[in-house]
Amino acid sequence: MESLVPENLTASFPWLTALVVVAALGAVALWCLPRGARGRVREIALGVSLVNVGLLVGAFTQFDTSRAGVHQLYEQYAWIPQIGTSYAVGVDGLGLALVALGVGLVPIVILAAWREQGDDVERLRHYLALVLLTAAFMTLIFAARDVFLFYVVFEAMLIPIYFMIGAFGGPQRRGAAVKFLLFSLAGGLVMLVAVIALFLQGPGGAEGFLTANLTGLALTTNVERLLFVGFFLAFAIKAPMFPVHTWLPDAAQQAPAGTSTLLVGVLDKVGTFGMLTLCIPLFPSASAWAAPTIIVLAVVSVIYGALLALGQKDLMRLIAYTSVSHFGVMILGIFAFSQTSIAGASFYMLGHGLATGLLFLTAGMVIARHPQRSQRIADFGGLQRTTPIIAGVFLLGGLATLSLPGLAPFVGEIMVLIGAFGAYPAAVIVSAVVVVLAALYILLTYQRMFTGPEQEHLTGLPDMVGREKWVVAPLVAALLVLGFYPRPALDLVEAPADVTVSTIALEGSAS
């Protein structure tokens, strides 16, 4: 069977594979590092991540933004032809944007973890190796164009995150890691059944799992709906969406700040990304059938997450519940099926990743300065006096989270609400309440932690140091730039949104 991808979209250099291989080899190198060289693990890990940033720049130079709706930088090699699977990777504008988000956050997370394990170089070596392995999986999951390859990476990326929580997290880390793993595996196993069933409905052959070969199949109504539910459940767990979200607050509470940044900022986007790039193209009729129910669950997620965030006493759990709310907004935008709402949801994925990353990392800095490393909001107070830079950055991250105009998340959120209003006005009106609730949970938290009288046990805490400023500076800059000038990112996500809307429109006209 000949490749369905035009020759001019095939990569002249394997940019995507290089991003995966460099990160994976970096992880292996850290694990195999001779004992005498282990004092340089930080520099080696950072160097590997910066090489990937350079490769990402090269990939952008070869990507044609005017054709962002089609998959480019394409590579395809036979993998296991006996079962119909290939190593096939390529990215449209949305895929490239999410690859960039992951590649850009990794060196920031490495810098944030620079002193996280103290003088224990062995623990730090293992942690940074897991970060680089996660980086490899992040690129591959957003680039996979073979459904079986996507599923394998979907499951494989659980391994490094499981150990990053279970081995390096807080006092209840093992329980949180197991809960994360069980939820994710349950969704993955349901998806595996759907993946195999979908293959059996397709043309088969050595390339039978290629996404292009599984799109547009003539499926019966019941079969299509069952397959859609199998995929959607896995993505709803990953997103995370009410009511299958309960693993996230525990994981975020126990995980190191850098792990939560990658988990919530990037890897959870696999859920919304999968809805856009697999659920809707493969099962357009079932997507339209399920949309009203999904919209209701999305609105519940929006309000429920915001209310739970408002009542949290633990700082990391609060940030996790804000993400449950924001993912509800993204899913509302996706299943409203308008070009504006889908492009807004796609842009919101980027803005949310940056804002949540900034909030998690700054919260980690605050917690690391507490004498008992407490995460309880009530154990802080008056920090604005001793740590004004940390206070200012935390406030900026919070304001970005509540989608303040001038910061990146605002662009995505307002596009979702405007784009979805025509199809679901009641859902948009109810979801808009989240703006008020977000202001409450962010500003009240800031007030409790940073204003008022300074607590005696927090006197003399050091403010943000040079390395930490390098951690937050790129995130602050990205939030401001994309907030005031979102056009370059919108150029990447608007064309894929057009393709999605056309898919649904064609299905509607056919039926």
Side-chain angles (χ1 to χ4, degrees), residues 3-5 16-17 19-20 23-24 70-81 83-92 94-99 101-102 133-161 184-204 206-217 227-239 266-283 287 334 346 349 496 499-500 503:
S3 173
L4 301 179
V5 177
L16 299 173
T17 297
L19 285 167
V20 175
V70 295
H71 289 83
Q72 304 175 45
L73 308 178
Y74 191 82
E75 307 168 47
Q76 182 181 327
Y77 311 98
W79 182 22
I80 315 174
I83 65 170
T85 187
S86 311
Y87 174 84
V89 293
V91 288
D92 60 5
L94 174 60
L96 184 60
L98 291 175
V99 167
L101 178 64
L133 186 59
T134 302
F137 288 141
M138 286 192 299
T139 296
L140 194 51
I141 195 74
F142 292 127
R145 299 304 301 153
D146 178 281
V147 176
F148 188 81
L149 174 64
F150 182 94
Y151 168 76
V152 170
V153 182
F154 185 88
E155 296 288 63
M157 68 184 183
L158 303 179
I159 298 171
I161 296 295
S184 300
L185 283 176
L189 289 174
V190 174
M191 186 169 75
L192 175 60
V193 175
V195 166
I196 295 172
L198 178 63
F199 172 77
L200 295 177
Q201 298 291 321
E207 299 177 353
F209 275 110
L210 286 180
T211 306
N213 289 333
L214 294 174
T215 301
L217 298 179
L227 293 177
F228 170 85
V229 170
F231 277 82
F232 182 81
L233 178 61
F235 297 143
I237 292 172
K238 184 67 67 180
V266 185
L267 290 174
D268 283 354
K269 306 300 186 299
V270 173
T272 45
F273 176 78
M275 294 174 193
L276 275 171
T277 60
L278 289 179
C279 282
I280 295 176
L282 296 177
F283 318 111
S287 298
I334 291 169
S346 302
M349 294 184 208
V499 172
T500 302
T503 301

[X] side chain near [Y] side chain, heavy-atom distance below 4.5 Å:
X      : Y      : value
Ile159 : Phe137 : no
Met157 : Val270 : yes
Phe150 : Val195 : no
Val266 : Phe142 : yes
Leu214 : Pro281 : no
Leu276 : Pro496 : no
Gln72  : Asp92  : no
Ile280 : Ile334 : yes

Sub-3.5 Å donor-acceptor pair from the side chain of [X] to the main-chain atoms of [Y], do we have one?
X      : Y      : answer
Thr211 : Arg145 : yes
Asp146 : Ser86  : yes
Thr139 : Ala136 : no

Where do Ala239 and Met275 come nearest, in terms of heavy atoms and distance?
->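 In this case the closest contact between Ala239 and Met275 is CB-CE, 4.3 Å.
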Can you name the closest pair of heavy atoms from Thr134 and Pro160 and give their distance?
->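 Minimum heavy-atom contact is OG1-CB, 3.4 Å.
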Could you check whether the rings of Trp79 and Phe148 sit parallel, tilted or perpendicular, using 30° and 60° as the cut-offs?
-> tilted
Spacing of [X] atom [atom1] and [Y] atom [atom2] [to the nearest 0.5 Å]:
X      : Y      : atom1 : atom2 : value
Met191 : Phe154 : CE    : CZ    : 4.5 Å
Thr85  : Leu210 : OG1   : CG    : 8.0 Å
Leu185 : Ile237 : CG    : CD1   : 10.0 Å
Thr503 : Leu282 : OG1   : CG    : 10.0 Å
Met349 : Leu94  : CE    : CG    : 5.5 Å
Phe235 : Lys269 : CZ    : NZ    : 15.5 Å

